[in-house]
Amino acid sequence: MPSVLITGAARRLGRILAEGFAERGWDVVIHYWRSAAEAQQTERSLQRYGVRTLTIQGDLRKREHIERVFAYVTERWGAPDVLVNNAGVFPSPHPLHELSPERWEEALAVNLTACLYTSQIFAAVQSAQGHIVNIASLGGLRTWRHRTAYNVSKAALLQLTRNLALELAPRIAVNAVCPGVLVLEPGEEPAIPVERIPARRYGTGRDVFEAVYFFATATPYITGQWLIVDGGYHLVR
């Protein structure tokens with residue numbers, strides 16, 4: 001069976017991605033940082049699909065933790081076939097004069113630098129054909145008021161996707177998915193009115209999964225690409 005390592009897979013979008021891969025018969029590595037209970041719940045949920053699972057904790061802001069994650073996986077299964085860089089932070093909005101060094105550095109560390117390090121190590125342990133899928137954001141293509149740290153970190157991730165695609169070709173294909181406005185849990189109420197979205201609904205985790213799975217299984221001739229999953233919202237602003 002093919003295997004996938006998903007960062008931040010314990011909850012929300014990461015858990016939905018893990019469920020999608022398991023449903024299609026993939027073995028899944030569930031990475032988490034602080035969500036130990038949720039990671040265990042996700043692992044139990046995936047067992048009904050009859051696939052193998054591994055759960056591993058790691059602070060992606062620290063390269064040594066990322067190295068430990070990959071060492072744990074490769075010792076047991078060998079290198080994963082696909083890496084999904086899903087873990088990220090979405091800082092609360094702050095005007096520029098309130099953007100602290102801590103908020104700025106955390107956004108860059110988790111949303112950008114961690115993806116560089118996980119991709120470097122994945123490329124080092126994966127000797128065959130592999131795929132990397134980065135979860136970016138429509139925010140990497142747009143400028144949102146009081147979201148400087150997030151916008152910049154996700155825009156840089158899109159550029160990193162292209163650089164990695166060039167550096168790692170032809171062995172490893174690297175692409176990115178840019179979700180728009182999502183509702184991942186019951187009761188969530190996005191600030192964007194649904195009438196502004198041409199698809200007339202908010203996105204779901206399953207919508208994002210379909211794009212991720214496409215890149216995870218596509219020909220490696222498709223690399224360095226971005227796929228926007230926003231119901232057409234980017235067309236009307």
Side-chain angles (χ1 to χ4, degrees), residues 1-23 26-92 102-126 130-137 149-150 153-154 157 160 164 177 179 182 184-185 205 208-209 212 216:
M1 293 293 182
S3 61
V4 57
L5 190 164
I6 305 172
T7 65
R11 54 192 296 271
R12 294 183 62 78
L13 180 58
R15 176 171 181 158
I16 295 169
L17 297 179
E19 291 267 1
F21 276 99
E23 184 181 356
W26 287 56
D27 297 329
V28 181
V29 181
I30 303 162
H31 160 268
Y32 71 97
W33 179 21
R34 293 171 173 164
S35 305
E38 291 92 337
Q40 293 173 0
Q41 291 173 359
T42 298
E43 186 171 34
R44 288 194 294 270
S45 176
L46 301 191
Q47 290 174 354
R48 69 181 186 271
Y49 298 109
V51 300
R52 296 184 302 170
T53 58
L54 289 175
T55 301
I56 178 69
Q57 188 270 348
D59 181 351
L60 299 184
R61 298 173 302 176
K62 300 176 181 179
R63 186 181 175 92
E64 62 270 24
H65 282 223
I66 299 172
E67 292 172 342
R68 186 183 68 193
V69 167
F70 277 92
Y72 179 83
V73 175
T74 55
E75 287 171 3
R76 288 157 178 78
W77 292 359
D81 298 288
V82 173
L83 165 66
V84 178
N85 282 315
N86 165 73
V89 294
F90 186 51
S92 58
E102 293 76 18
R103 291 191 183 100
W104 172 257
E105 290 166 7
E106 182 181 38
L108 292 179
V110 179
N111 293 349
L112 178 64
T113 305
C115 296
L116 169 64
Y117 292 158
T118 54
S119 299
Q120 282 181 321
I121 299 170
F122 174 77
V125 301
Q126 176 55 266
H131 294 264
I132 297 172
V133 185
N134 294 324
I135 304 300
S137 170
Y150 184 76
S153 65
K154 290 298 188 178
L157 178 58
L160 177 63
L164 290 171
V177 175
L182 302 178
L184 300 176
E185 296 177 359
V208 179
F209 169 73
V212 171

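- In plain terms, the two heavy atoms of Leu157 and Ala136 that are nearest each other are CD2-CA, 3.9 Å.
- In this structure, Asp27 contributes its side chain and Thr53 its backbone to no donor-acceptor pair below 3.5 Å.
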All N/O donor-acceptor pairs, side-chain side in residues 69-80, below 3.5 Å, sequence neighbours left out:
from, atom 1, to, atom 2, distance (Å)
Thr74, OG1, Phe70, O, 2.8
Thr74, OG1, Ala71, O, 3.3
Arg76, NH1, Tyr72, O, 3.0

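- His31 places no side-chain N or O within donor-acceptor distance of the main-chain N or O of Ile6, the cut-off being under 3.5 Å.
- In this structure, the separation between CD on Gln120 and CG on Leu164 is 8.0 Å, given to the nearest 0.5 Å.
- Using a 4.0 Å cut-off between charged side-chain N and carboxylate O, Glu64 and Arg68 make no salt bridge.
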Exercise. Report the C-alpha distance between Ser137 and Tyr150 in whole Å, list the side-chain angles of each, state the deciding distance to 0.1 Å, and finish with yes or no for side chain to side chain donor-acceptor pair (under 3.5 Å).
Key: CA-CA 9 Å; Ser137 170; Tyr150 184 76; 3.1 Å; yes

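- Take Asp81 and apply the salt bridge (Lys or Arg N to Asp or Glu O under 4.0 Å) test, not counting sequence neighbours, and it matches no residue.
- A search for side-chain contact (heavy atoms from CB on, under 4.5 Å) contacts involving Glu19 returns Arg15, Ser45, Leu46, Arg48, Tyr49, not counting sequence neighbours.
- Looking at Gln57, its side chain never comes within 3.5 Å of a backbone N or O of Tyr32 through a donor-acceptor pair.
- Under the ring pair (Phe, Tyr, Trp, His ring centres under 6.0 Å) criterion, the residue pairs touching residues 3-23 are Phe21-Trp26, Phe21-Phe209, Phe21-Tyr213, with sequence neighbours excluded.
- Legend: residues meeting side-chain contact (heavy atoms from CB on, under 4.5 Å) with Glu106, ordered by chain and number and at least two apart, are Arg61, Val89, Val110.
- Separating the CD atom in Gln126 from the CD1 atom in Ile121 is a distance of 14.0 Å, to the nearest 0.5 Å.
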Exercise. Evaluate the side chain to side chain contact (heavy atoms under 4.5 Å, CB included) criterion for residues Ile16 and Val208: first the C-alpha distance (whole Å), next the side-chain angles of each, then the deciding distance (0.1 Å), finally the verdict.
Key: CA-CA 9 Å; Ile16 295 169; Val208 179; over 6 Å; no

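- The backbone N or O of Asn86 sits less than 3.5 Å from a side-chain atom of Thr7, completing a donor-acceptor pair.
- To the nearest 0.5 angstrom, Leu108 atom CG is 14.0 Å from Arg103 atom CZ.
- Looking at Leu5, Val133, Asn134, Val29 one by one, the single match for side-chain contact (heavy atoms from CB on, under 4.5 Å) with Leu83 turns out to be Leu5.
- Using a 4.5 Å heavy-atom cutoff, the side chains of Ile56 and Leu54 are not in contact.
- Of all the heavy atoms in Gly205 and Leu184, the pair that sits closest is N-CD2, 3.6 Å.
- Across every non-hydrogen atom of Ile66 and Ala114, the tightest pair is CD1-O, 4.1 Å.
- Looking at every heavy atom in both residues, Ile30 comes nearest to Ala10 through CG2-N, 4.2 Å.
- With Asn85 as the partner, the side-chain contact (heavy atoms from CB on, under 4.5 Å) test is satisfied by one option alone out of Ile135, Leu160, Ile132: Ile132.
- Side-chain contact between Asn111 and Lys154 is present, with heavy atoms from C-beta onward closer than 4.5 Å.
- Among residues two or more places apart in sequence or in another chain, the ring-ring contact (aromatic ring centres under 6.0 Å, His included) test is passed with Tyr117 by none.
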